[in-house]
Amino acid sequence: IAYAKSKNVAVSISIMDPIGEMIYFERMDGQGKLNTSTAILKSKTALVTRASTHIVMNNVLQGQASEFRAGFFNGEFANKGGLPIIVEDQFLGAIGVGGSNVDEECAQAALEAVVGPQPPLVQNLPRAGRANGG
């Protein structure tokens, strides 16, 4: 929340334990239903994949996965903003942040404030090119 405030944005935050039970949720003023839903979807995706949701997004952008298949069959949300919570090699759950253009950075800042240094964020990959410029 402090990071979001420093960037003058509002976010919704969802934290789940290792079995998918919501243990924390907060919605800053100005957040609507879509923002709260994406925070939950991101934490669920990070929980299931035990990885950054940014990886799921990059896989879709690179043509390595379809967004429909990831979402419909795997229950994954292909958008950055969800991170696993890992402390001393122990998987503790996942955090999902929705509602702004700095969701992933907010999640990273929260984890660093609570559990210490985190691995670097996943890099943005461009959308895969299409044959014949199309």
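One-based numbering along the sequence shown.
Between the side chain of Ser37 and the backbone N or O of Leu34, no donor-acceptor pair lies under 3.5 Å. Side-chain N or O atoms of Thr53 include one that pairs as donor or acceptor with a backbone N or O of Gly81 at under 3.5 Å.
For Gln62, the side chain to side chain contact (heavy atoms under 4.5 Å, CB included) partners two or more places apart in sequence, or in a different chain, are Gln64, Leu125, Pro126. When the side chain to side chain contact (heavy atoms under 4.5 Å, CB included) test is applied to Leu41, the partners found at least two apart in sequence or on another chain are Phe77. Remark: Val122 engages Ser52, His54, Ile55, Asn58 in a side chain to side chain contact (heavy atoms under 4.5 Å, CB included) (not counting sequence neighbours). Partners of Thr36 by side chain to side chain donor-acceptor pair (under 3.5 Å), not counting sequence neighbours: none found. Under the rule for a side chain to side chain contact (heavy atoms under 4.5 Å, CB included), the partners of Arg69 that lie at least two apart in sequence or sit in another chain are Ser66, Phe73.
Lys7 NZ to Glu105 CD: the interatomic distance, rounded to the nearest 0.5 Å, is 8.5 Å. Distance check, rounded to the nearest 0.5 Å: CG of Asn124 to CG of Leu61 gives 8.5 Å. The CD atom of Gln118 sits 9.0 Å away from the CD1 atom of Ile85 when rounded to the nearest 0.5 Å. To the nearest 0.5 Å, atom OG of residue Ser6 and atom CD1 of residue Ile1 are 12.0 Å apart. Here the CD1-OG1 distance, from Ile40 to Thr45, works out to 11.5 Å after rounding to the nearest 0.5 Å. To the nearest 0.5 Å, the span separating CG on Leu47 from CD on Glu76 amounts to 11.5 Å.
Cluster annotation: Phe91 is not connected to Val115 through the hydrophobic network of ILVMFWY side chains, with a link wherever side-chain heavy atoms come within less than 4.5 Å. No continuous path of hydrophobic side-chain contacts links Leu92 to Val48 [ILVMFWY only; heavy atoms under 4.5 Å]. Both Val87 and Ile95 belong to a single network of hydrophobic side chains, linked directly or stepwise wherever heavy atoms of I, L, V, M, F, W or Y lie under 4.5 Å apart. One hydrophobic cluster, built from ILVMFWY side chains closer than 4.5 Å, cannot hold both Met57 and Val97; they sit in different ones.
Lys42 and Gly96 make their closest contact through CB-CA, 4.0 Å (heavy atoms, listed as atom of the first residue, atom of the second, distance). Among all heavy-atom pairs drawn from Ala46 and Gly82, the shortest one is CB-C, 3.8 Å. Contact between Gln108 and Pro119 at its shortest, heavy atoms only, is NE2-O, 2.9 Å.
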Under 3.5 Å, which donor-acceptor pairs link side chains of residues 9-24 to any protein atom two or more places apart or in another chain?
{"residue": "Ser12", "atom": "OG", "partner": "Gln31", "partner atom": "OE1", "Å": "3.0"}
{"residue": "Ser14", "atom": "OG", "partner": "Ser43", "partner atom": "OG", "Å": "2.8"}
{"residue": "Asp17", "atom": "OD1", "partner": "Ile19", "partner atom": "N", "Å": "3.0"}
{"residue": "Asp17", "atom": "OD1", "partner": "Gly20", "partner atom": "N", "Å": "3.1"}
{"residue": "Asp17", "atom": "OD1", "partner": "Glu21", "partner atom": "N", "Å": "2.9"}
{"residue": "Tyr24", "atom": "OH", "partner": "Glu26", "partner atom": "OE1", "Å": "2.2"}

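Counting heavy atoms from C-beta on, the side chains of Asn79 and Thr38 never come closer than 4.5 Å.
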With side chain to side chain contact (heavy atoms under 4.5 Å, CB included) as the criterion, how do Asn35 and Arg27 come out once you've worked through the C-alpha distance, each side chain's angles and the decisive distance to 0.1 Å?
CA-CA 9 Å; Asn35 305 127; Arg27 178 185 64 84; over 6 Å; no
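Salt bridge absent: Lys80 and Asp103 never bring a charged side-chain N and a carboxylate O closer than 4.0 Å.
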